[in-house]
There are 2 protein chains.
Amino acid sequence: MRITIKDVAKAAGVHSSTVSRVISGKSCISQKTTQRVISVIEKLGYTPNALARSLKTKKIQTLAMLIPDIANPFFAGLARGVEDTANKYGYNVILCNTDDCLEKEANYLRLLAEKCVDGVILATAKIRDKSIIELERINCPYILLSRNIQGGQENSISVDDITGGYLATEYLISLGHCKIAHISGPYNTTAALDRIKGYKKALQDYGIPLQKIYLGEGDFRIKGGYQVMKQFLQLAIPPTAVFTANDLLAVGAIEAIREAGCDVPHDFSIVGFDDIKLASYLSPPLTTIRQPMVEMGSLAIIKLLERIEHKVSHPNILIKPVLIERKSCREIN
Amino acid sequence: MRITIKDVAKAAGVHSSTVSRVISGKSCISQKTTQRVISVIEKLGYTPNALARSLKTKKIQTLAMLIPDIANPFFAGLARGVEDTANKYGYNVILCNTDDCLEKEANYLRLLAEKCVDGVILATAKIRDKSIIELERINCPYILLSRNIQGGQENSISVDDITGGYLATEYLISLGHCKIAHISGPYNTTAALDRIKGYKKALQDYGIPLQKIYLGEGDFRIKGGYQVMKQFLQLAIPPTAVFTANDLLAVGAIEAIREAGCDVPHDFSIVGFDDIKLASYLSPPLTTIRQPMVEMGSLAIIKLLERIEHKVSHPNILIKPVLIERKSCREIN
DNA sequence: TTGAAAGCGTTACCAC
DNA sequence: GTGGTAACGCTTTCAA
């Protein structure tokens with residue numbers, strides 16, 4: 001049997017409530033008693049039971065993070081920032097991979113509610129998201145990370161995707177491209193939609209007509225980039241440049257281009273999004289829009305803890321993205 | 001206030017113990033009562049409190065995973081397998097990044113013990129590991145993943161690192177190299193030590209004398225690979241081939257080589273270890289020793305759950321690694 | 001098949 | 001300062 005607070009109390013010749021006070025350190029307990037209790041705790045190797053505690057306090061010092069896939073370097077970066085900062089404040093975090101499957105997500109949310117997590121980082125939100133309604137219903141504090149919801153004015157942290165899309169497209173235009181395609185993320189995410197908006201706005205600002213055939217829906221993964229790029233390659237007039245909604249899509253697109261016997265950046269210029277750690281080591285080193293993943297994760301926790309402690313909401317936070325120039329683009333005439 | 005089992009009981013006109021039985025589904029409750037209780041549960045939106053439950057049952061359906069860094073694609077792969085399979089069996093997993101810092105690790109272990117996690121996946125083990133002693137002390141089931149301990153015959157799952165190191169080195173030898181260097185992982189991990197063993201054994205088997213200056217200690221990260229390679233490059237007689245103990249080290253090594261104005265594989269052949277997802281998209285596509293990360297993580301959970309349920313230990317599991325040939329090596333005369 | 005009651009390991013309020 | 005006691009929300013044994 002595990003040592004309990006009562007065992008400690010008995011061995012120290014005090015009442016269990018006194019031991020509790022010593023541990024919490026909030027009440028005034030005499031030096032002598034404190035010493036005695038502490039030494040007994042150490043001698044017995046006592047570990048408090050946080051579950052029992054939480055039954056009273058309603059706090060378990062545990063958060064959860066829902067993401068599509070931890071094997072995706074972007075989400076791994078977010079997770080790193082989230083976990084680090086949570087740990088710094090004494091919280092643990094439960095990791096949940098949803099694969100963008102609504103059913104899995106709902107199941108996770110049920111489990112997490114049963115376990116009384118103090119808050120949730122949701123990095124899977126879709127434009128109209130049932131999970132958020134559920135979170136609101138059970139009154140669970142949450143922060144939307146990197147994927148906010150349509151018309152949601154609160155509690156989200158993300159990069160300014162419109163500006164990011166604009167920057168990427170404008171850069172390609174500045175290089176002389178006018179046949180610029182875009183491989184987007186899934187249309188049910190605002191991240192994808194906003195990057196498209198930025199893409200369209202840049203084209204418009206520079207007087208380049210939007211070609212519907214140059215816009216393809218991807219999945220934020222290598223495979224999707226590969227498939228959509230294959231379609232672009234079969235066009236009568238293929239694009240000369242492609243802006244992809246994330247770096248993995250860019251990897252897939254480059255693969256398709258190589259397979260077709262063409263070269264990046266000679267035949268096609270590519271701009272990605274995210275700036276994952278390995279982006280500079282890819283072939284060719286990828287020009288991309290940087291998202292500060294670790295910092296975003298960290299900020300999400302800080303905002304989440306504020307929500308938990310002060311029961312407040314936050315206006316959305318928009319982070320300015322930056323273009324990182326490498327070697328996947330070239331100037332054309 | 002949250003709805004409790006008593007609220008449900010009252011609303012359904014039964015005793016709370018009856019509600020408990022309906023939920024667990026283990027006792028025989030009449031159709032009629034069952035129906036009534038279920039409909040009340042739904043109407044009130046009742047969510048059981050798993051923390052209160054665990055106080056009785058001593059099970060919380062939560063595991064933990066300790067890794068150095070989730071932003072490292074190798075550990076992200078393991079984590080994906082771990083979390084997926086845990087979820088399949090109804091468990092959640094708490095993620096902990098230790099940065100290979102003993103103090104952080106001990107702190108995590110304390111928190112996890114307080115939260116009564118049912119088991120732990122330890123992917124951070126050093127050759128002589130205090131954490132394991134602690135885990136044994138508090139009687140917490142664990143599995144050592146990818147990094148086992150010296151002389152430990154039980155509860156570890158890893159790739160056969162000796163064979164892996166052998167395979168990599170033998171491959172370079174078969175290409176005609178005899179000045180083969182090795183950038184290892186930290187010497188306090190068996191993974192690093194065993195890969196060195198394999199490296200040495202291959203050299204010996206093929207009659208190539210071991211050169212101490214061709215062996216450098218890295219950190220399993222890009223930076224370490226870069227630094228050690230820089231030293232190799234300054235040698236009077238530099239190696240013509242380098243086997244690195246993981247893919248990130250290879251990335252760093254290649255960076256150093258490029259910086260020196262040399263080419264991979266023309267001037268230096270490189271073999272990595274792990275086969276991270278992006279290995280085939282690096283420049284050049286990396287020849288490497290594959291570890292089935294997701295499968296290993298998954299297997300770790302299966303073995304951990306067996307330990308938890310049947311209170312048994314398992315003999316170590318050694319997975320045979322495979323060499324994946326790509327474009328980072330060339331034949332020399 | 002169901003109810004009553006004890007107890008899991010804490011904390012927090014009320015005394016003294 | 002410290003002790004006693006009543007919860008917290010659930011499960012489980014014992015009766016009926």
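Here is how names work: the chains are called A, B, and so on, in the same order as the sequence lines, proteins then strands, and each is numbered from 1.
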Which heavy atom of A/Asp99 sits nearest a heavy atom of A/Lys104, and at what distance?
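Smallest heavy-atom distance, with atoms named: OD2-NZ, 3.3 Å.
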Show, in sequence, the C-alpha distance, side-chain angles and deciding distance for A/Lys88 and A/Asp84, and conclude whether the salt bridge (charged side-chain N to carboxylate O under 4.0 Å, His left out) test is met.
CA-CA 6 Å; A/Lys88 197 172 293 167; A/Asp84 264 19; over 6 Å; no
Base, sugar-phosphate, or nothing for A/Thr47, non-hydrogen atoms under 4.0 angstrom?
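It contacts sugar-phosphate atoms only.
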Can you tell me the distance, in whole Å, between the [atom1] atom of [X] and the [atom2] atom of [N]?
| X | N | atom1 | atom2 | result |
| --- | --- | --- | --- | --- |
| B/Gln61 | D/dC10 | CD | P | 16 Å |
| A/Lys6 | D/dT5 | NZ | P | 12 Å |
| A/Arg36 | D/dT2 | CZ | C1' | 11 Å |

Determine whether the side chains of [X] and [Y] contain a donor N or O and an acceptor N or O closer than 3.5 Å.
| X | Y | answer |
| --- | --- | --- |
| A/Lys115 | A/Thr62 | no |
| A/Ser30 | A/Thr33 | yes |
| B/Thr57 | B/Ser54 | no |
| B/His314 | B/Glu154 | no |

At a heavy-atom distance below 4.0 Å, which nucleotide of DNA chain C is the first touched by chain B, and which is the last?
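Terminal contacting nucleotides, 5' to 3': C/dT1 to C/dG9.
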For a quick test of reading the model: is some side-chain N or O of B/Thr4 closer than 4.0 Å to OP1 or OP2 of D/dC8?
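For B/Thr4, the contact criterion (side-chain N or O under 4.0 Å from OP1 or OP2 of D/dC8) is not met.
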Identify all pairs in which a protein N or O lies below 3.5 Å from an N or O of nucleotides 11-13 of chain D, and state each distance.
unit_1	atom_1	unit_2	atom_2	d
D/dT11	OP1	B/Arg53	NE	2.8
D/dT11	OP2	B/Ser20	OG	2.6
D/dT13	O4	B/Arg21	NH2	2.9

Assess whether salt bridge (charged side-chain N to carboxylate O under 4.0 Å, His left out) is satisfied between A/Asp118 and A/Lys59, documenting all intermediate values.
CA-CA 6 Å; A/Asp118 303 303; A/Lys59 289 171 202 152; over 6 Å; no
Check: A/Leu63 main-chain N/O paired with A/Asn92 side-chain donor or acceptor under 3.5 Å:
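Judged by distance alone, no pair lies under 3.5 Å.
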Using the side chain to side chain donor-acceptor pair (under 3.5 Å) criterion, which residues pair with B/Arg36? Sequence neighbours excluded.
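Scan of B/Arg36 (side chain to side chain donor-acceptor pair (under 3.5 Å), adjacent residues dropped) gives none.
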Any residue meeting side chain to side chain donor-acceptor pair (under 3.5 Å) with B/Arg53, in chain and number order, not counting sequence neighbours:
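If we apply the side chain to side chain donor-acceptor pair (under 3.5 Å) test to B/Arg53, skipping adjacent residues, there are no hits.
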Listed pairs under 3.5 Å, donor-acceptor, residues 125-137 of chain A side chains, sequence neighbours left out:
unit_1	atom_1	unit_2	atom_2	d
A/Lys126	NZ	A/Asp100	OD1	3.1
A/Lys126	NZ	A/Thr124	O	3.4
A/Asp129	OD1	A/Ser131	N	2.8
A/Asp129	OD1	A/Ser131	OG	3.3
A/Asp129	OD1	A/Ile132	N	3.4
A/Asp129	OD2	A/Lys126	N	2.8
A/Ser131	OG	A/Glu105	OE2	2.6
A/Glu134	OE1	A/Arg137	NE	3.2
A/Glu134	OE2	A/Arg137	NH2	3.2
A/Glu136	OE2	A/Tyr142	OH	2.6

Taking the axis from the first five pairs and the axis from the last five, what angle separates them in the helix from C/dT1-D/dA16 to C/dC16-D/dG1, rounded to 10 degrees?
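Overall, the helix from C/dT1-D/dA16 to C/dC16-D/dG1 bends by 40° from one end axis to the other.
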Could you check B/Leu55 against B/Ser30 and say which one's nearest nucleotide on DNA chain C is further toward the 5' end?
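Of the two residues, B/Ser30 wins.
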